[in-house]
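It should be emphasised that the depicted structure is a prediction, and the values quoted were computed from it without experimental measurement.
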Number of protein chains: 2
Amino acid sequence: MKEDNILNQLKVVCSLCSLRELCLPIGFGPQELEQLDALAGSKKLVKRGEYLYRTGSPFSAIYAIRGGFFKTSVLHEDGREHVTGFHMMGDIMGLDAIGSGAHVCDAVALETSEICEIPFDRLSELSMCMPVLQQNLHRIMSREIAFDHEIMLMLGKMRAEERLAAFLLNLSQRFSARGYSAASFQLRMTREEIGSYLGLKLETVSRTFSKFQDEGLIAVQKKFIELKDANALKRLLGSLA
Amino acid sequence: MKEDNILNQLKVVCSLCSLRELCLPIGFGPQELEQLDALAGSKKLVKRGEYLYRTGSPFSAIYAIRGGFFKTSVLHEDGREHVTGFHMMGDIMGLDAIGSGAHVCDAVALETSEICEIPFDRLSELSMCMPVLQQNLHRIMSREIAFDHEIMLMLGKMRAEERLAAFLLNLSQRFSARGYSAASFQLRMTREEIGSYLGLKLETVSRTFSKFQDEGLIAVQKKFIELKDANALKRLLGSLA
DNA sequence: CATGGATTATGACTTATATCAAATTGTTTC
DNA sequence: GAAACAATTTGATATAAGTCATAATCCATG
C-alpha cells in the first residue's frame, strides 16, 4: 500500500519530466522516494466540458494530465476568446499562474480526463532538496516558453495552409510520443477551436481540410484524421512562400 | 571593494525580481549576501547590432539587461524571421534555452547595451538554498509564459490598429515602470521589426502610425513617439470589433 | 428513436492587409 | 560634407482570409 503510494507519486514526478524523455526514476534514492510522498498529488476526474480552473481563480497547484484532453484559452475584455493550447497525457498545466498567484486562462476538459493536482508550495519545497526535480521543473517551463515562440512565429508569419499543416504534424508527433499512431488520430476539438488556436475562422479550417484531402495529403472524416503524406505536409511548411 | 561587489551581485538578483516589484534585498541575510558572490555575474557590453547569442549556440547562462535594448527572434527554415520580443533594462533573456541546452532564438542589441551574464548552473545551485531566489526565478518564467499567451491572443485575434495600440501601451507601461516617461519615448526598433513582432508588414505599421496621428491619438516623428490620448488607445483595444 | 441544437461543408461576396512601386527623408561612411 | 545606403511614407492594386448564407450532417437528450 505504502509502496503503491510512492509509485503513484513517482508517476506524478514522471509527468514532470520532459515530453520526450522517458519517465524513469533515475536519480531518486530510497530516502528521496520517501520525500516524494510529500507531493501527495490528489487525483481528480474532470468531465467533458468542465473547467479545471478559470481565469482569476486563486493559484495553488499545477496539474499533470494522466489521461484525457484539455484546451486552455485566454479571453479578451470584449469577449473574444483565444485558444492558447491543447494538452494531453503527460502535459503540465497551470504554470502561467505562478507569477501572478491567480490563473490567467481557462482550462476546459475536451473529454473526460484524469488529472493529478500538485500543490505548488510543496513542489517548490521538495525541489529545494531534489535537484532533479528542480531541473525538470525548469526544463518544462523553459520548453513551454520556447514552444510559445514557435506558435508566435506561426501566428505572425504563416499562411492558413502552413498553420494547419504545422498543427496536424504537431498533434501527430505528440500522439506518437505517447505510443499512439502518428498517422491517424481522432481530433478532440471542434473546427472553431482549431481556428481559434491557429488564428483562423472555422470556415477556413474546414476549407483547408477539404483542400488537403483533395490533394491526397490527408483523409478527413469529421473528427477522424489520417495523414496520407506527412512529408508533403512537412514540405508545405518549409517552402511555401 | 568587497562591499561593492556584493552590491553588484545584489543588483543582479534584483533583476531577477519581477518587472513590477521593487528590487529591495528583502529576505537576504548577511550570509546569504555572501553566497550571492557565487553568482559572480560578469558584466558585458554588447554593441548595437551585435548578437548576445544565436540560435543553436550552447546554453550556459541567462542574461539580465542592465541597460540598453534588445530584440529576440526565431527564424524559420525558409528564412522568414519573426521577432518574439523586445527587451529592456531589468528583463531576463535566455530562459527559453534551459530546456534544450541550446539557444532557440537570436538576441541582437538594438542599441549598445550592458548585460550581466548569470551562469545558470550556479544560479540553480544557489537557488537550492535560497527560497526567495528560486521563487523569483519561477515567477519570471511563469510571467513570460503568461505574457506570451497575451501576444498569441494579439496575433491570433486582433486587427492591425489594435495590435499597434497594444504595442504602444505595453512599451509605455514598461518605460514608465522603469522611471521613464509613459507619454513619450524613443523607439529603438525599425517599422519592419515592429511589423515582424506584430505579424504585420512595415507598410501597415507606417500607415497605422499615420492614421493614429491624423486622429490625434499620437504624435510621430520618425522614432520619437508621443502618446497624446492613451485612453483612446486603450478604448481602441477593448472595443473595436 | 425522434427532435433540436451544434457542428461541418461549401458557395458567393467583401474586406483588411499584403504587394508593388516611387518619392522622401534619415543615417553612415569615406 | 557628399555619396551611398537604409528607413519611412504614401499610393495603386492584388489577394488571402473573413463574412454571410444555406444545406447537410452529427450527436445529445428526453
Side-chain angles (χ1 to χ4, degrees), chain A residues 47-50 71 80-83 108-112 154-168 186-215 218-225 236 240-241, chain B residues 47-50 71 78 80-83 108 110-112 154-168 186-215 218-225 236 240-241:
Chain A
K47 275 187 253 166
R48 182 181 146 83
E50 282 182 358
K71 72 166 178 185
R80 273 178 289 189
E81 187 199 36
H82 183 83
V83 173
V108 187
L110 295 182
E111 65 183 30
T112 298
M154 183 189 75
L155 291 172
K157 295 284 183 300
M158 291 185 182
R159 299 153 26 79
E161 288 181 31
E162 298 177 280
R163 294 186 202 191
L164 207 63
F167 170 74
L168 291 173
Q186 200 80 27
L187 297 176
R188 273 117 225 230
M189 68 294 280
T190 66
R191 302 287 190 265
E192 187 168 22
E193 286 162 337
I194 296 171
S196 177
Y197 180 62
L198 299 178
L200 302 169
K201 292 290 156 181
L202 69 98
E203 294 96 328
T204 306
V205 174
S206 180
R207 272 186 250 269
T208 309
F209 271 145
S210 300
K211 182 159 187 270
F212 282 175
Q213 179 156 248
D214 291 348
E215 289 166 343
I218 63 174
V220 193
Q221 293 154 244
K222 297 293 161 190
K223 297 236 149 111
F224 182 75
I225 302 285
L236 211 135
L240 212 94
Chain B
K47 275 188 254 166
R48 180 180 147 85
E50 281 182 0
K71 72 167 178 183
D78 60 3
R80 274 178 288 189
E81 187 197 37
H82 184 82
V83 173
V108 187
L110 295 183
E111 64 184 31
T112 298
M154 182 188 76
L155 291 172
K157 295 282 184 299
M158 291 185 182
R159 299 151 27 80
E161 289 181 30
E162 299 178 281
R163 294 185 202 191
L164 206 63
F167 171 73
L168 290 174
Q186 200 79 26
L187 296 176
R188 276 116 223 231
M189 69 293 280
T190 66
R191 303 288 190 263
E192 186 166 23
E193 287 162 336
I194 296 172
S196 178
Y197 180 62
L198 299 177
L200 302 169
K201 290 292 157 182
L202 69 100
E203 294 95 328
T204 306
V205 173
S206 179
R207 272 186 250 270
T208 309
F209 271 144
S210 300
K211 183 159 188 270
F212 282 174
Q213 179 157 248
D214 291 347
E215 290 166 342
I218 64 174
V220 192
Q221 293 155 245
K222 296 293 160 192
K223 297 237 152 108
F224 182 75
I225 301 285
L236 211 136
L240 213 93

Trainee: Closer to the 5' end of DNA chain C via nearest nucleotide, is it A/Arg207 or A/Lys223?
Mentor: A/Lys223
Trainee: Figure out the NZ/P separation between A/Lys211 and C/dA9, and round it to whole Å.
Mentor: 16 Å
Trainee: Checking only heavy atoms, does the side chain of A/Glu203 share a donor-acceptor pair with the base of D/dC20 at less than 3.5 Å?
Mentor: yes
Trainee: Give the rounded distance in Å between these two atoms: CD of B/Glu161 and P of C/dT17.
Mentor: 8 Å
Trainee: Please tell me whether A/Ser196 and A/Lys71 have a donor and an acceptor in their side chains that are separated by less than 3.5 angstrom.
Mentor: no
Trainee: Please determine if a side-chain N or O atom of A/Ser210 lies less than 4.0 Å away from the OP1 or OP2 oxygen of C/dA9.
Mentor: no
Trainee: Step through the shown structure and confirm whether more than 12 heavy atoms of other residues, nucleotides or ligands are within 6.0 Å of CD on B/Glu111.
Mentor: yes
Trainee: Could you state the CG-P distance from B/Leu164 to C/dA16, rounded to the nearest angstrom?
Mentor: 17 Å
Trainee: If you look at every strand shown and take non-hydrogen atoms under 4.0 Å, does B/Gly199 touch a base, only sugar-phosphate, or nothing?
Mentor: sugar-phosphate
Trainee: In whole Å, I'd like the distance from the CD atom of B/Gln221 to the C1' atom of C/dT24.
Mentor: 17 Å
Trainee: Give a yes/no answer on whether the side chain of B/Arg191 brings an N or O atom under 4.0 Å of OP1 or OP2 in D/dA7.
Mentor: no
Trainee: Does B/Leu110 reach the side chain of B/Thr190, with side-chain heavy atoms less than 4.5 Å apart?
Mentor: no
Trainee: B/Val220 and B/Gln213: which non-hydrogen atoms are nearest, and at how many Å?
Mentor: N-OE1, 2.7 Å
Trainee: Among the nucleotides C/dT10, D/dT8, C/dT17, which one has an atom lying closest to any side-chain atom of B/Leu200?
Mentor: C/dT17
Trainee: Using a cut-off of less than 4.0 Å, is there contact between a side-chain N or O of A/Ser206 and OP1 or OP2 of C/dT7?
Mentor: no
Trainee: Does the distance from a Lys or Arg side-chain N to an Asp or Glu carboxylate O, for B/Arg207 and B/Glu161, drop under 4.0 Å?
Mentor: no
Trainee: Taking atom P of D/dA28 as reference, at what distance in whole Å does atom CD of A/Glu111 sit?
Mentor: 13 Å
Trainee: Just to confirm, is there a sub-4.0 Å distance from OP1 or OP2 of C/dT17 to any side-chain nitrogen or oxygen of B/Thr204?
Mentor: no
Trainee: Could you tell me how far apart B/Lys222 (NZ) and D/dA6 (C1') are, to the nearest whole angstrom?
Mentor: 11 Å
Trainee: Of all the choices, C/dT8, D/dA16, C/dT10, which nucleotide is nearest to the side chain of A/Leu202 once you look at every atom?
Mentor: C/dT8
Trainee: Using atom CG of B/Leu198 as one end and atom P of C/dA18 as the other, report the distance to the nearest whole Å.
Mentor: 11 Å
Trainee: Taking 4.0 Å as the cut-off, does a side-chain nitrogen or oxygen of A/Thr190 come that near to OP1 or OP2 on C/dA6?
Mentor: no
Trainee: Would you say B/Arg48 places a side-chain N or O within less than 4.0 Å of OP1 or OP2 belonging to C/dT28?
Mentor: yes
Trainee: Indicate, with a heavy-atom threshold strictly under 4.0 Å, whether B/Gly195 touches base, sugar-phosphate, or nothing.
Mentor: nothing
Trainee: Looking only at side-chain N and O atoms, does B/Lys201 come under 4.0 Å of OP1 or OP2 in C/dT19?
Mentor: yes
